[in-house]
Structure formats: C-alpha cells, structure tokens
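Data first, discussion second: the structure below is written as structure tokens.
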Amino acid sequence: MEYNFRDIEKKWQEQWRRSNAYKVNNDSPKPKYYVLDMFPYPSGAGLHVGHPLGYIASDIYSRYKRLKGFNVLHPMGYDAFGLPAEQYAIDHGIHPAVSTANNITNFRSQLDKIGFCFDWDREVNTSKPEYYKWTQWIFLQLFGSFYNRQTNKAESIQTLIAAFEKDGNTAHPCPGNASLQFTDYEWTSFDEKRRTDILMDYRLAYCGIGEVNWCEALGTVLANDEVVNGVSERGGYPVIKKKLRQWYLRITEYADRLLEGLEKVEFSEAMKEMQGNWIGKSSGAEIDFNVKSEKSKVKNLRVYTTRPDTIFGVDFMVVAPELDIVEDMKSAGQAAAVDEYLAYVKSRSERERMAEKKITGVFTGAYALNPFDGREIPIWISEYVLAGYGTGAIMAVPCGDERDHKFAKHFNIPITNIIGKYYDGVEANPTKDAILENSGFLNDLVMRNAIEVVIDKIEQAGIGKRKVNYKMRDAAFSRQRYWGEPFPIKWINGIAYALDESELPLQLPEVDSYKPGPEGEGPLANIPSWIHKKVKLANKEFTSKAESSQVSSFGGDLGEVGALETNTMPGYAGSSWYFLRYMDPHNDKAFCDRKVSDYWGQVDIYIGGTEHAVGHLLYSRMWTKALYDLGYIGHDEPFKKLVNQGMILGSSRRIGQIVPIDTQLSGTRVDVAKRQFRPMFISLSYYQKLLDKRITPEEVFKSIYQKNGLVFDITDNELGFYGFDLYNPRVRVEDVDGIELNIESFKTWRPELKEAIFLKEEDNKFLCEIEVEKMSKSKFNTINPDDLVIKYGADTFRMYEMFLGPVEMSKPWDTKGIEGVHRFLKKLWRLFYDEIKGKVWTEEKATDAELKVLHSTIKKIESDTERFSFNTAVSAFMIAVNELTDIKCHKREILEPLLVLLTPYAPHISEELYAQLRQVSPSGGDVEGALVLDAHYPKLEEKYLIESTKEYPISINGKLRTTMNISLDAAQPEVEKIVLENEIVQKWLEGKQPKKIIFVKGKMVNVVI
RNA sequence: GCCCUGGUGGUGGAAUUGGUAGACACGCAGGACUUAAAAUCCUGUCUGCAGCAAUGCGGGUAACGGUUCAACUCCGUUCCGGGGCACCA
C-alpha cells in the first residue's frame, strides 16, 4: 500500500464535512480558545501561495489547542465591501454582489483543498444585509454617544443633554470646538438646529467638513492610492483638494486609552511602537506671544511647543500659510511677497509638499515679543508648519531643531545659542541634557528640569498653559461610493436624524449605474427613490416638526421632506467588529449575545500582516472600547496576542529586449525610420554586456538582424538618429524553468511575438534575470496553491509553507524545496507500510532508545508549536522520522503518539494512518479518540530524556580543540582533572599550567593558557 | 529625512538564556538498484593550506572596532536590503 495522498485527502475532507468535525459550540466544559485570522478581501485574482501562510499557521495552532483539550473557535469569512468590486462594476456592469459572490466561491474552493479546520457555519460576509445590519446598528450607538471625559468612557448622548439642561457645558468642554461655552439657560433657548449642531460636535460618530481628493475630469472622489504624483492613476487627470461633508469617528477621544491598552496586550514591540507613534502623544505647553504688526489687528500669536525650556532661543516664529491671521499680520512692505508665497503654496499638491522638501517661506513683516525678555522675533510663514497640528504656529529654536535650523540658515536668520558647547554651529542639537545659557532666569538649569520651571512661570503669568497633544486625528468614516454600508441617517432641514432600529438593515438599492453622483456625492445621490425613501426615524432627542415632516408627502421642499444620507461607510467599518460576529453569527436579535461574548471573550491569538498595523487594529480597538463602555461586551481590548506573518515574496523573471526608442512595444513588428522590424529579445549574458556598455543596442540589433538573414536597410546615420534602447519586461514564471525561458511556451502566452528573434547563449539557452519582489498577478510571478496541492497534496503543501522559514519573516517563494517535504511524508508512510511487505508496524514493546526519540520529539514539537516556530518543528519531525527509520522502529507505542503530534501539521495523513492503526488492532486507546483530531496530546516523560554523560566540547583559549565524554554529575575539580589528563589538552599546554579553567556544567569546558 | 526590520554556505534557513556556527531541507557531485527511467537508498558538499587517508592547522555569520575565558548573539561606528510615514514642533 503506498501513500496515495489524493485519495486520502479527499476521503478525510469528506469525512470531516459529513461528521461536522469542525463545528464549534458556544457552551462546553472545556476551556475556550479563540484563534483568528485576518479575513481576506475576496479579490478576483484568487489565492496565491502567500495568502494561506497565516491560515496554515493558525490552523496548526487551532488543531494543537484542540488536541490539548480546548474548545477552539477558528472561523473564517470575507471582508467583502470594497473598491475593486465597484470598479469592476463600473467597467463591466456586473453588480458588485455578483462578482463578490463569484470570487468567494472561488476562494472557498481554494481554501477547502488545503484542509483547514474552519467552522464554516460561522462564516461572515460583511456585505450581506444580515451582517451589515449590525454594522449600521453599532454606528447608531456611536452616533448616539459622546465621550464623557469626567468618567472616561462613552455614554449616551442623553446623559449629555441632561447635563446641558442642568449646567450648560461647563463640565463637558466641546471636543469639536474648544471655545464653545454656554449656560443651561442658553442651551434651553437654542433652537433645534443649534442644539443638534452642538451635539454633533460631541458625538462619537459625527458629520463634519473634510477635504477629499477630487478629480474633476473623472467627476469622482479618489482614494489616496488612486492618486499618483498629483494626478489620477487612471487617465492622469489633475486632482485637487475639495471640501465635502464627511462622517468621522471621534477616535481622538480614545487616544489615551488606546495608548494605555497597548500595555495589556501581547503585540510585538515594533507594532506597539508603530501604534504609539501614530497616536503620537506629546506634552508641552501652549504659549501666547504678543504681536507687533502694522495693522495691529492681531494682538497675539499662540504656539504649541514640547520644549518651552528653549524659549530664550527663539529666533523667529513660523505660521502655517493656511491660517487666516496671516492676512492680518502682513506689513505693507511684505504684502506682495506674502501674497506671492500664498499663491505658490496653493498651487502645490500635498504630494509635492511631501516629496520635495524644499525650504520655502516668507517674512510677514510682523514681530512677536518674547514674553520674558521682550525681544522682537520676526514672524514668518512656511509650508513646513502644518495648519492641522497644535495651533498651526511654532516658535522656532534653530540651535535645537533641525528644520528650524535649516530654515534659519537658508534665510540668514541669526541663531542664538542657548546650549553652549552642545551646539556646533553646523547642526541643530535637540538634547535635553545641556545646561542653559543666554536664557535669563533659566540660566544654569539643565534643560530637562527647566521645562517644568518655565511652564509654571507661564501659567502664573497667564500667558499659556500645559498642553497634551496627539498626532492622531479623527478617522474619516465616509466614502462617496456605492459598494459599502449605507448610513442609517436622514437629513431634514440640515439636521441628521438616526433611523429607527426597525429600519435596519437599511439595504443598498439596486442601481443601473455605478457612476458617481453630482458634486462629489456618491452613486446613491443619483437615485431619487433612495433619497426620498420613506423611513421611520428613531425617537427624537428633541420634539420637533421633523416628526411631522417624515409623514408629509413627497415632492416639494427637499429640506422639509428630508433626504437619506448618500455616503456609504468605508471598508474598515465591517472589519472593526467581525471578530465579535463569529461568536454568534446567526443572531438576529443582537450583533452578539452578551452571554456568548462573555464566553469567548478576547481573541486569544490574532494572525495577520503588518499592513494593518495602524488602520484596522486601531479602529477595532476603538470599537471594542466603545462597545465595552456602553455595556454591550465585557472586555475592552479585542486581541490578546497578535502575530504578524511576513510576506511571501515572488521571484519574478525578466528578459532583455532591444527596443527602438519612442515606439509602442505591442504589435508584431517594431517601427524604425518608417520601416518595420521583428521584435528582438536577448539572453541574460548579452543583456549584461549591453549594460556594461561594451556594445550599443543598435550594434547588436543590426548585427543579429543581418545574421538571421534578414534585410536591415537602415543607414548608420539613421540608426544613430533614431536609436535603440534596452528594456527588461517580466515574463510569466510558469514559462521559465529555473532561469531558462521556454520560448515556445512564452510564445503561446504572447502569440503576437511568434516571429520575434531570440538571441540565446552559446549553449542554445535563453536565460532570464531574477528579481525578488511582492507576489502579484500583475508581476506574473504568482504561484497558485491549487497546482501544488494537486501535485503533492495538502499535507505536503501545508508543511512546506511552514518549512520555508519563520512565520513572521518575509521570504521568497521557491517551489523546488517542496520535494523534500513530500519525501518526508513518504518516508513516514514507510514506517507503517512497506511496498513489498505491506503493513509493518508491530505491537512490540519500545526500547529506551526509541522512547527517547519519541519524547525528545514531543518536547521539541510542543515548545516549537507554542512559540510559533513551525519551521523548526517541521525539521524536528524530519529528524524523528529519519532516526526511527535508521533504528528500524515500527512500533505502535512510538508511532501512534507521533501521529498525534503530526496532526496539526499534516492532518490528512495522520488521520489515515491513525485509523489504520486502530482498525487493524483496535486494542487500547481513549474512547473519544475515534478521530486523531480529538486524540489526547502525548505527555512528555522527562525520564526518557535523562542522560548520564555529555560529550563536552573542550576549548583551549576559547577555540574548540576536542570533545570528551564526561559524567553530568562531575563537578569542577573532577572535570579539571579529567580534562588536564587529555592528550590533546596536554599537547596544547606544552607542559605549562593553565591560568584558569572555565567549566559550565552541562555546557562546555574552556582551558585558558 | 524619520521610525521599524533584516544581513549566516550555491539556495531556504538552524543555533530558544553569550557556551561545539551551518541542524533540517533544496541544489549539486559521485555511487547502488534498474535494459532504461521514475521512485528509493548510500556517500560527499562553508572555505584555504597540508595529507593516500583518518585527520591536522588557519580563515569565516555585511565591514571595522570594543567588552568577555568565550560573541551570529552584547556595545559602538559604517555599508547594504526590506517595510512604514501624517515635514506633527
């Protein structure tokens, strides 16, 4: 009987399906364990070998935990809303729901082949109404809540209204508008519009005005990655910033808790650092400087600084060009220069500002006065200061800040040195260790200590205060697109009203066209029946005529009748809470029953790529915290531990091509000087020679063309005039064997090139260049897992993906090594079945040597699996099988536990051999162990591993010279004696006495001479 | 520019706390079985020198320097690759 993996895998996959082997219950006496993968966006390109890497890792871990006696939740689903499906719909007229469903079918069949233990009863799909009903519902909770800074948690907006009615907003400063203040009396006197506007500035989900990338020519809003170098990716049309109504999540209110929460979770330090940097908490002070300007309209300038200790080193101020006060500060003499600069800034895209990093700016003609020594400080404007951060103005200290320093040098502004020898006149030094000089009352203080001294003084003088700032901004939460969750919001007279819960799910309407709406609105704005849809509103926070207007007839004043929101939610809406839905996926009464979420609690281990380091992970953490605050779940961090899988890189192949300059590359012929020639490709060594400039492309083209007996009727003059260039297009990896291009196969892919000339190596081979880069369909370097599963089986594929290297690291894919893993499984099979003899396992009692192999393997596999070191675990299996083969061990006592160990890695072969073992001799064993996936994990018996002696490495002066077998009980004096008697040690000693002998018990001996 | 990563044979990688560098595979070379191929098995495989050989000596973990009895591992400087970024005061 041979290892027939195709039949075995098919048989067990069916068996598992029939017996619902992977169905997970929400109640179990076993301890729970939740293993989660970042769910995929079901793209049309299907899976390549990079995708399953994380899924295999999590599958191994899930199966391992199951063997260890846990009730393991390991679900899978689809993040199914998104731009590509919408773009596909625009291009092909296929409804996104249809193309998405097709893609999902394809994904599913690919996933199924690999033998995952997902509980597919729990599949979620963010684009299904049953799912997005609850995304909308959670949005309504966020809309109906504010962040109470007194209690430090989200609370109902009703609480806030009650507080306003009692005390105005004195206890609750407005997060959206810091200067807003009103009394209880004023509050009650406001009309409904005013009151709802104020509440909007408190809500956790709110609507405001924001800038988007607007492309006039395409008539649509573009995502950042659809904008390249200031123009649209498609078509290359200009893109400008346009102000539009946008929804936001007030994630900034959670900044501190998101930061603190990082201490409670097991994320990598790099990941925590990235999130910490994104949140960007900094503390410092806001300081008001008096201003002296011609118009004297502007009395003072407020800046934010983290280094108030450097206040005596301020040599100039810089204000963001976008700030309105710029107009009022410019002097008559500088007006022209300022206006010119403002015009220049406006002309520059954000991209250009970021990419070029030019030093630009202009003096306003106004001065600020240093509050402590009255020094006049020129006020400049420059694009390096951002309007959106801090106060939009800075105090510039060139000796301590690199950008300020460059600016001062560029514009010849004199630099004050307040840090003595720490400043060398060439580069700024941001130290906090210097002792201050030229700093008035701060002289002789260490900078680090001076910070508090200055802030106290500033607060006493009433010219500023302590201030904490965050880099993080509120998260934009709306998109002007079709394929996303509609907002359950109706606008009436400019007021946003929540829909009643009975209206959920508010389903996407069918549309004829996915084209954008007018004025940057989404496609939904094109549908009158959507805008005017009759809906029931939630109980109003205030009684108003809105109640009556919703029942009024259609037509007439839209303001009165109201309009449904036409924006949709962004991709991350559905993914911010899907881990909760998996727990209770079919619940139509709640997003997840509280009892169920209390049972499953946090995701114990979350596996996915680093690309979601800030976006998805921060949003999920915020939603979890908000749901926790509002009492819907019992934990406030969604993910207990995070493992980041590395990327599997593709190995692309490029060939050389000689092309005429400025010609289209497609087509069967290339044109030069109005004459047509065949395309010409050159092998690697020729390509190298050309690169080394030893020959020109023209020469090669001409000589090869003639060598092929073809007419080349261009004079050298013409040739020099038109010229040829070198190009290196990618070819499909499947048309290449190693680095040798299969030209026939290549031509079936590009039939238009059937007459092309291929300049080969001397051995008649055509070689390609290798480039390691991201695996992608557009780079022709994808490897489809299906092909590998067909050829080698799922078990081989799973183990090989793990064998490639550490899960966390990026590594290039190379299919060649898969043979080694396949050989391993065949070798394992031969421990059970011999080709000639058939069944070879026995019921004989195992020897100590055999038990030692087994138990050292248990130890290694268990610890490697626990720490996600799957590559070394695979090699430990290989070592075990090699050793058992060498000592001809075919005993059930050894092989049965070995199969259990292997189950998480290679479930099919383990299941098959386990069944064989039990069927032929169903003697002992545990009762529930019908399937190996429910067997008990073998218990490590240390007693089989105990050694009495060790082969100690003996070093002389740190260099290994020999090894000696010494008892592990031996203590230093005894060891010294034995070692010094050794012949080789004697030789090195040359009769001398050693200076010292280092002995580390169980490790090594080092003789120092 | 800033932040995070990584750099070990021809290749992927191993070395878990500073303690025998190169496990386990791939590839390659040679051999066995076979009419042949596939499959399987065996041997060798970081590198220089010496030796018929076992083996011995030297070099070697991007480069240079340091700490240590001992460094792939810790510290410093430099170089190169990969990823992220919102010029955040």
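Since the model is a prediction, treat every value here as computed from it, not as a measurement. Lettering of chains follows the sequences in order, A, B, ..., and the numbering in each one begins at 1. Side-chain atoms are counted along with the backbone in the values below, which use heavy atoms only and exclude waters and symmetry mates.
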Once you apply a heavy-atom cut-off of 4.0 Å, does [X] come out as touching a base, just sugar-phosphate, or nothing?
X         : result
A/Asp401  : nothing
A/Lys406  : nothing
A/Trp988  : sugar-phosphate
A/Met274  : nothing
A/Val1000 : base
A/Met271  : nothing

Does [X] place a side-chain N or O at less than 4.0 Å from the phosphate oxygens OP1/OP2 of [N]?
X        : N     : result
A/Arg830 : B/A39 : no
A/Arg823 : B/A38 : no
A/Asn882 : B/A25 : yes
A/Lys826 : B/U40 : yes
A/Lys471 : B/C2  : no
A/Asn871 : B/A14 : yes

Considering only the [atom1] atoms, how many Å lie between [N] and [M], rounded to the nearest integer?
N     : M     : atom1 : value
B/U47 : B/U11 : P     : 12 Å
B/G9  : B/A62 : P     : 8 Å
B/G19 : B/C88 : C1'   : 47 Å
B/G84 : B/A89 : P     : 22 Å
B/G7  : B/C57 : P     : 31 Å
B/U17 : B/G65 : P     : 28 Å
B/A63 : B/U73 : P     : 11 Å
B/U34 : B/C26 : P     : 25 Å

Just compare [options] and give me whichever is closest to any side-chain atom of [X].
X        : options             : value
A/Arg403 : B/C41, B/C4, B/A89  : B/A89
A/Arg867 : B/U16, B/U20, B/G12 : B/U16
A/Thr872 : B/U5, B/U16, B/A14  : B/A14
A/Lys827 : B/U16, B/C69, B/C41 : B/C41
A/Arg473 : B/G19, B/U16, B/C88 : B/C88
A/Ser282 : B/A89, B/G13, B/C87 : B/A89

Atom [atom1] of [X] to atom [atom2] of [N]: distance rounded to whole Å?
X         : N     : atom1 : atom2 : value
A/Ile879  : B/A15 : CD1   : C1'   : 12 Å
A/Lys1003 : B/G19 : NZ    : P     : 6 Å
A/Phe870  : B/U16 : CZ    : P     : 18 Å
A/Glu819  : B/U11 : CD    : C1'   : 15 Å
A/Glu273  : B/U5  : CD    : P     : 6 Å
A/Ile279  : B/C85 : CD1   : P     : 16 Å
A/His405  : B/A89 : NE2   : P     : 19 Å
A/Tyr800  : B/C24 : OH    : C1'   : 13 Å

N/O donor-acceptor pair, side chain A/Arg961 with base B/C57, under 3.5 angstrom: no
Side-chain-base donor-acceptor pair under 3.5 Å for A/Lys811 and B/U11: no
Whether [X] and [Y] hold their rings parallel, tilted or perpendicular, with breakpoints at 30° and 60°:
X        : Y        : result
A/Tyr792 : A/His822 : perpendicular
A/Tyr384 : A/Phe407 : tilted
A/Tyr61  : A/Phe868 : tilted
A/Phe411 : A/Trp380 : tilted

Close aromatic pair by centroid cut-off 6.0 Å: A/Tyr833 and A/His890: no
A/Phe5 and A/Trp829 aromatic centres sub-6.0 Å: no
Test item: side-chain donor near acceptor, A/Tyr304 and A/Ser282, under 3.5 Å: yes
Between A/Asn882 and A/Lys827: side-chain donor-acceptor atoms closer than 3.5 Å: yes
In B/G31, glycosidic geometry as syn within 90° of 0 or anti otherwise: anti
Of A/Met1004 and A/Ile998, the one whose closest RNA chain B nucleotide lies more 5': A/Met1004
Pairwise 5' ranking along RNA chain B for A/Leu804 and A/Leu960, keeping only the more 5' one: A/Leu804
Sub-4.5 Å side-chain heavy-atom contact between A/Tyr572 and A/Leu249: yes
Basic-acidic side-chain contact under 4.0 Å: A/Asp309, A/Arg307: yes
Nucleotide pairing, RNA chain B (Watson-Crick or G-U, distances under 3.5 Å), in dot-bracket with [ ] and |: (((((((..(((......[....)))((((((.......))))))(((((....)))))..(((((..]....))))))))))))....
Straight-line distance of A/Thr796 OG1 to A/Lys791 NZ, nearest 0.5 Å: 12.0 Å
